[in-house]
Undergrad: 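Can you read through this structure? Questions will come right after.
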Amino acid sequence: MAKKLIVGNWKMHTSVAEAELLAERLTGQIKPKDGVEVVLCPPAISLSTVKSLIEGKFSLGIQNVYQVDEGAYTGEVSAEMVRGLVDYAIVGHSERRIHFGERDGMIAHKVAACLRHDIAPILCVGEKIADRVEGHAKRVIGDQLAVDLGGVTPDEIERVVIAYEPVWAIGTGEFAKPHDVEVMVRYIRAAIKEAYSAAAGKNIKLLYGGSVDPDNARSYLEVDGVDGLLVGGASINYAKFASIVDKAG
Ligand code: PGA
C-alpha cells in the first residue's frame, strides 16, 4: 500500500529558535512508521535548521516558491535555491491566492519550477463557500486543475501531490464532511485520469486539508482515495500533530 503523507504547514509561525524547539519535540514524539511519511514545512528562514534536526526521519517542504530561477525579485525564494534542501513545496495555497493575488497561470509556472528542480509540488486546490453553495465546486476545482497542471507532462504527473482544501474549511474550525471530501477526491482522480491516464488517476497522491485535528483526522484518512493530510493550525502543536500522525499508521 502507498505510504500515507502527513504534511505540517507551520505557516508564518515560529522564530528560528521556536522552529528548532518544535522540530526537536516532534522528532522526540513521533516514532517512524513504515507506512507514513511526515513532511514538515517550517518558514523558509528555518528550513536549514529544521533539516539538520529531522534528516533521515521526516521530509522537508517549503511553503511557497517563486517560479523564476533567479533575478531581481526582492524577497522571493526560488525553487532552484532550495533544490536539494527540500523534498516538497506547497504551491497555490489558498492564502497565497487570497492575500498575494496568485492566479492559476502563475501557479502553473510554480508547479513547473518545482518539477524542473526535483521538488515534488503539493498543489492546493479548493472552492470558496459561495462556489459550494451555488453548486459550482467541481467546476472551480476542474478549472484550477486544468490551468495549474497545464504544463505537466504524463511523465511528471505522478510526482505532483494534490491537496484538496476547501477554502471555507481552512483555519476556520469548519469541518468538511468526509462524504463531501470523498466526492471531490473522486472527481479530482477522474479529472487526472481523463487528462493523463487511468494509472495516473489511480496513483497520484491526494491529500485533504482544512481544520484537520486529532479528533477528525481518522475520518478523513478513512475516506476512499485520500492518501494523507495537509495540516495547518494543529501542526504547530507537537502533541496534536504527533497524535494526527499516529492515526495514519
Ligand atoms: P488548517 O490549515 O489546518 O489550519 O485549517 C490547513 C492549511 O492551510 O493547509
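Please read all numbers here as calculations on a predicted model, not as lab measurements. Just so you know, ligand 1 is whichever comes first in the structure, and atom 1 is the first atom listed for that ligand.
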Undergrad: Is it true that a side-chain atom of S78 and a backbone atom of D69 form a donor plus acceptor pair closer than 3.5 Å?
TA: yes

Undergrad: Give the numbers and elements of all ligand 1 atoms closer than 4.0 Å to a heavy atom of K11.
TA: 2 (O), 4 (O), 7 (C), 8 (O)

Undergrad: In terms of atom number and element, which parts of ligand 1 are under 4.0 angstrom from non-hydrogen atoms of S211?
TA: 1 (P), 3 (O), 5 (O)

Undergrad: I'd like to check which ligand 1 atoms, numbered from 1 as shown, lie under 4.0 Å from a non-hydrogen atom of H93.
TA: 7 (C), 8 (O), 9 (O)

Undergrad: Count the heavy atoms of every other residue, nucleotide or ligand shown that sit under 6.0 Å from NE2 of H109, and state whether that count exceeds 12.
TA: no

Undergrad: Please answer: with hydrophobic residues joined when any side-chain heavy atoms are less than 4.5 Å apart, are L207 and V181 in the same cluster?
TA: no

Undergrad: Give a yes/no verdict on whether any heavy atom in G171 is under 4.0 Å from an atom of ligand 1.
TA: yes

Undergrad: Determine yes or no for a side-chain-to-main-chain donor-acceptor pair under 3.5 angstrom, with Q144 supplying the side chain and G126 the backbone.
TA: yes

Undergrad: Could an N or O of ligand 1 be found under 3.5 Å from any N or O of G232, whether backbone or side chain?
TA: yes

Undergrad: Give yes if a backbone or side-chain nitrogen or oxygen of A234 is under 3.5 Å from a nitrogen or oxygen of ligand 1, and no if not.
TA: no

Undergrad: Y220: which residues meet the ring-ring contact (aromatic ring centres under 6.0 Å, His included) condition with it, sequence neighbours left out?
TA: Y208

Undergrad: Under a 4.0 angstrom heavy-atom cut-off, which atoms of ligand 1 come close to L230?
TA: 9 (O)

Undergrad: Going hydrophobic residue to hydrophobic residue with side-chain gaps under 4.5 angstrom, can you get from L206 over to L221?
TA: yes

Undergrad: Can you list the atoms of ligand 1 that are under 4.0 Å from a heavy atom of G210?
TA: 5 (O)

Undergrad: From atom 4 (O) of ligand 1, work out which of S235, C124, G233 has a heavy atom at the shortest distance.
TA: G233

Undergrad: Check this for me - ligand 1, E165, N or O atoms closer than 3.5 angstrom, yes or no?
TA: yes

Undergrad: Below 4.0 Å, non-hydrogen atoms only: which portion of A169 touches ligand 1? Side chain, backbone, both or neither.
TA: backbone

Undergrad: For Y66 and E80, run side-chain hydrogen bond (donor to acceptor under 3.5 Å, both in side chains): C-alpha distance rounded to whole Å, both residues' side-chain angles, the deciding distance at 0.1 Å, then the answer.
TA: CA-CA 9 Å; Y66 197 58; E80 184 180 49; over 6 Å; no

Undergrad: Check R97 with D104, please: is the shortest side-chain N to carboxylate O separation under 4.0 Å?
TA: yes

